[in-house]
Amino acid sequence: MVNNNFEATLEYAQALDKEDTLYNNRERFHFPQHNGKDAVYMCGNSLGLQPKSVGHLIQQELDDWAKYGVEGHFKARNPWFSYHHLFSERLSKIVGANKDEVVATNTLTVNLHLLMVSFYRPKGKRYKIMMEAGAFPSDQYAIETQVRMYGYDPDDAIIEIAPKEGEHTLNDDDIIKAIEDAGDTLAVVMFGGVNYYTGQFFNLEKITKAAHDVGAYAGYDLAHAVGNIPLQLHNWKVDFACWCSYKYLNSGPGGVGGLFVNEKHYSNKEIFRLAGWWGNDEKERFLMKKGFEPQNNAGSWQMSNAPVFNMIAHNASLDIFEKTGMQALREKSEQLTGYLEFLLKQIDHLSFEIITPADPAKRGCQLSLLFADRGKEVFDALTDNGVIADWREPNVIRIAPVPLYNSYEDAYRFYEILKNIDNA
Ligand SMILES: *Cc1c(COP(=O)(O)O)cnc(C)c1O
């Protein structure tokens, strides 16, 4: 339940922290420092903080490698042969899936391509892909080259849904209508779960249903949704999804990505997948036989053996998620984001508007501030005063109060610093 009696004082923010049962998670992370104090870190949507346990877990892996050499594949404390198995259970709770529907593997854009190879099989008049206009550049490039690979013109084969004139976010009904209009020309709907720029969370269940109603697949890039908003990929009947782990999942720069494939698809051997040995049936992996036999789970989209050193922080971070739970995080998130929004509305000397939806059901913990002018100047002043936020051309400052490690006091400190920036 979001509180409506917020107060814009430090004492009030600190009182909320006292009541916050998740407050102590802060202690589990390293905060960048500014003048000897924790910076006001509002950038977990771009790169999550480092769990303090990562250092010794990396040392453990180095020790096992030194001690065992190749035998570490089976003798390491977390055997490398099956290292990826450490993640499926915990990830499945974060994205709302069965354990066999998820795997930690590759990286985001690579997974997007691999999944599109399986689910985008254009044929006859069904060759179009629908996505949100202004999607993250990597997604745009991926989809553009997917359609080119089959000889289509991106301008024809990609349908982009843009907000109405004068609006910043998409209307659910407009998305559904566009899917209905595209009808049997549509092969795949590929949306971001949360738009990286506006912070809008889309109604994935409705979009998936609309896609299925016209005979198309629905797949999502969950880079900004995973670990931010509780998801129900299985129950929503999503066909496929992928994500990175270094944003809300705090797994370090370039950390291992993840993917979801609905069980009705991974169990269907007719679904084409590009293969590598790690996707093969594990029992036969070392028999060196001809002929790819996919595992009967999403792990069949794996290519190579697990990049262990690139997964250690993921292991550390998912432990914290396991202890905390997405539901508790979501409750705090709505309240903390609501508080920061309340504070921002007290400021009237700067020319920004919040373009992230005001409805908590349509957003996670990110707020995007669109400046009419001097946005970059304000951003630089925030940085000089110990705020770490994120600047997006042409005129947006994105801030993310992350419920796992940000406090109400962080929100208040952000507000105080912003309030004291003149508009001179
Ligand atoms: C962060 C992000 C990416 C980054 O892709 P990588 O392959 O991990 O470099 C791609 N798409 C979206 C929507 C993102 O937010």
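All ligand and atom numbering here is 1-based and tracks the order in the structure.
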### Task
Of all the heavy-atom pairs spanning Ala298 and Val103, show the shortest one and how long it is.
O-CG1, 3.6 Å
### Query
What atoms in ligand 1 come closer than 4.0 Å to a heavy atom of His224?
15 (O)
### Query
For atom 11 (N) of ligand 1, what's the nearest protein heavy atom and its distance?
Asp139 OD1, 2.7 Å
### Query
Among protein heavy atoms, which lies nearest atom 6 (P) of ligand 1, and at what distance?
Tyr246 OH, 3.4 Å
### Task
Looking only at protein heavy atoms, identify the closest one to atom 1 (C) of ligand 1 and say how far it is in Å.
Lys247 NZ, 1.4 Å
### Task
Scan side-chain atoms only and decide if Ser304 and Trp277 contain a donor-acceptor pair under the 3.5 Å cut-off.
no
### Task
Compute the shortest N/O to N/O distance between Asp221 and ligand 1 and return yes if it is under 3.5 Å, no if not.
yes
### Message
Check whether Tyr197 forms a cation-pi arrangement with Arg392 (NZ or CZ under 6.0 Å from the six-membered ring centre, at most 45° off the ring normal).
### Response
no
### Short side-chain donor-acceptor distance under 3.5 Å, Glu101 and Asn297
no
#### Entry: Short side-chain donor-acceptor distance under 3.5 Å, Asn106 and Gln302
no
### Query
In the protein, what heavy atom is nearest to atom 3 (C) of ligand 1, and what distance, to one decimal place, separates them?
Phe136 CE2, 3.3 Å
### Query
Which ligand 1 atoms does Thr109 reach within 4.0 Å, using its non-hydrogen atoms?
5 (O), 6 (P), 7 (O)
### Query
Regarding Lys247 and the six-membered ring of Phe136, is the cationic atom NZ or CZ under 6.0 Å from the ring centre and inside 45° of its axis?
yes
### Message
Tell me whether ligand 1 is touched by Thr107 - counting only heavy atoms on the residue side and a distance under 4.0 Å.
### Response
no
